[in-house]
Amino acid sequence: MAGNNYIKPISVKTFNCPNCASNVKVRVQGQSLTVVCMSCKSIIDTSDENLKILQKINDKKSRRQYIPFGARGVINDVIWEVIGYLEKKDVKYNFYWSEYLLFNPYKGYRWLAESDGHWNFFTTIKDKPFKKKSTQKYVVYDNKKFSIFNRGNIEVSYVMGEFYWKVRIGTISKASDYISPPYMLSSEELKSEIVWSKGVYVSPDEIKKTFNVEKVPSPYGVGPNQESPHIKNHTFVKKSYYLMLLLLFTFQSFFCFGSKGNVVYKSVFQFHGGDNDKPKKSGSFEVNADSKNMELKLASPVDNNWVEINIAMVNEKTGDTIEVIHGLEYYHGYSDGEKWTEGSQS
Amino acid sequence: MKTSCPSCGAELNFKSKITAMLVCEYCTSVVVRHDMNLEDLGKVGEIQEDMSPLQVGTSGFYGDKKFEIIGRQKAAYSDGFWNEWYILFSNFTDGWLAEAQGFYMVSEEAPKKGNIPSKESIRVGAGIVIDNKNFVVDDIKNITYIGCEGELPQQNLIGSTAVSVDLSDDINNFCNIVYSDNGNVYVYLGKYIEFEDFQFKSLRELDGWKQLHQTNKR
């Protein structure tokens with residue numbers, strides 16, 4: 001027995017704060033190991049009847065507690081009561097979020113995490129993600145692939161209420177978050193023990209309704225495991241897309257192969273070097289109104305030479321003009337015993 | 001077996017043939033059974049309130065096996081505690097129901113222990129094969145028994161210590177090895193069960209928590 005230290009939590013509903021003598025309420029009699037005095041903000045060690053002060057909080061609260069202590073709400077048919085409130089931060093990015101500890105004597109503890117207005121309901125799990133299929137980039141759990149979202153060190157920055165372990169401000173642990181919207185798997189490593197929990201995204205409206213609170217923070221951006229609101233339409237959109245693609249192909253084919261390919265004008269023009277600004281006229285020809293596309297073909301017997309023609313098509317009725325510049329070049333020769341050509345005569 | 005408390009004379013009822021001791025519910029004397037002789041080891045006091053919904057007398061189901069809680073011992077370590085409820089199945093075999101922070105694990109003594117490392121050499125992360133399952137050590141705790149009530153199979157008196165080791169495998173089998181300070185090593189195999197799946201009857205009434213569910217759904 002020598003050397004075995006063990007806890008013997010006090011088992012009372014209220015006690016007097018050893019620092020300021022105010023009445024401190026205990027919601028989970030006999031289980032909470034830390035209770036924070038609301039009056040003097042001392043973190044009291046309730047794992048021992050001597051009730052020592054673990055730490056004093058210097059009011060470093062940087063966020064707001066939206067659900068009060070003692071508030072009860074029904075989630076998945078179970079009544080949960082808010083008994084603790086934590087603020088944590090990512091050590092590297094100085095990014096803060098809140099965590100609410102929920103309690104039910106029959107079911108144990110749950111967590112509500114609020115970050116940037118996005119809420120998640122977390123349950124600690126005893127069965128772990130499948131290790132053999134897991135790499136640094138994802139873990140497999142419950143037949144779902146959870147992709148790594150964030151990894152880092154997190155620090156407790158504020159506490160209030162009561163907890164089932166000895167909480168301290170400044171405690172740093174290694175954490176990883178993996179996502180498979182609307183779920184998230186989080187792992188936390190403390191004192192070489194790794195604890196996994198599974199979270200599910202909860203909308204701000206659901207939080208308001210469940211805990212009967214008037215105000216919750218507005219969500220900023222998209223939550224890590226927030227499901228796209230369009231996800232429900234995915235199958236419909238996918239099917240519509242392929243149908244559209246098929247229709248487009250059908251119409252295009254119809255127009256391509258349906259076009260008559262009638263020749264509306266054909267002629268030969270002779271140009272000599274130096275005829276640069278002497279246009280030649282073609283004479284009138286008719287283009288049917290229902291012809292949509294017109295193809296212009298140009299041919300010239302250029303031989304190691306090039307020609308560039310400015311073409312203007314004038315609508316004799318309206319005066320509308322379409323101008324096109326078209327050129328041809330053709331070169332050929334022998335090089336290293338090989339015949340080469342470049343360009344073409346049409 | 002019905003008898004009387006050697007200290008206060010109250011009626012004692014040993015429900016199981018294999019239990020070694022029983023705490024008298026009236027005077028909290030620890031009564032040890034030596035065949036027909038009873039020895040009084042003194043009073044242990046009542047276990048303090050810890051908001052557990054279970055009590056001696058609660059009955060439930062482990063799969064399709066019905067059981068009754070006949071005793072409890074409370075184990076504490078440096079950072080927490082849990083309740084070990086001693087359960088008797090209707091066929092008179094026994095087991096344990098460990099309860100901590102809303103997690104419930106039912107375990108029974110392993111049929112074959114296999115090669116268990118010594119208390120001094122066991123390490124977190126070590127792999128041990130028990131009952132053809134590949135377990136890995138998750139956790140090793142030095143525990144002290146801080147309370148007992150009802151009927152219990154071994155004499156884990158208040159203040160006695162043990163080393164409790166938790167193991168798990170890839171497919172949600174759990175194992176608990178207990179190195180008792182009397183030299184015995186116990187190996188238990190179990191599973192975590194959801195509270196609702198036990199269909200508990202005769203639960204303790206908890207102040208302010210009369211109903212688990214808001215609606216009257218069963």
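First the proteins, then the strands, lettered A, B, ... as listed; each starts at 1. The structure displayed is predicted, hence computed values, not measured ones.
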State whether a side-chain donor-acceptor pair under 3.5 Å links [X] with [Y].
{"X": "B/Tyr186", "Y": "B/Asn184", "result": "yes"}
{"X": "A/Asp177", "Y": "A/Asn150", "result": "no"}
{"X": "A/Asn225", "Y": "A/Asn120", "result": "yes"}

Which portion of [X] sits near chain A, non-hydrogen atoms under 4.5 angstrom:
{"X": "B/Ser78", "result": "both"}
{"X": "B/Glu99", "result": "neither"}
{"X": "B/Asn142", "result": "both"}
{"X": "B/Asp207", "result": "side chain"}
{"X": "B/Leu203", "result": "side chain"}
{"X": "B/Phe81", "result": "both"}

Tell me whether the centres of the aromatic rings in [X] and [Y] are closer together than 6.0 Å.
{"X": "B/Phe61", "Y": "B/Phe198", "result": "no"}
{"X": "A/Tyr164", "Y": "A/Tyr109", "result": "yes"}
{"X": "B/Tyr104", "Y": "B/Phe195", "result": "yes"}
{"X": "B/Tyr77", "Y": "A/Tyr6", "result": "no"}

Contact class of [X] relative to chain B, heavy atoms under 4.5 angstrom:
{"X": "A/Gln31", "answer": "both"}
{"X": "A/Lys126", "answer": "both"}
{"X": "A/Ser32", "answer": "neither"}
{"X": "A/Arg110", "answer": "neither"}
{"X": "A/Ile7", "answer": "both"}

Please rank A/Lys13, A/Lys8, A/Arg72 by heavy-atom pairs under 4.5 Å with chain B and give me the top one. A/Arg72

Using a strict 4.0 Å threshold on nitrogen-to-oxygen distance, state whether B/Arg33 and B/Asp40 make a salt bridge.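 No salt bridge links B/Arg33 with B/Asp40.
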
Heavy-atom pairs under 4.5 Å with chain A are the metric here; pick the option from B/Lys74, B/Met105, B/Lys141, B/Gln101 that has the most.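 If we count pairs closer than 4.5 Å to chain A, B/Gln101 comes out on top.
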
Tell me which one of B/Trp96, B/Tyr86, B/Trp85 satisfies side-chain contact (heavy atoms from CB on, under 4.5 Å) with B/Gln73. B/Trp96

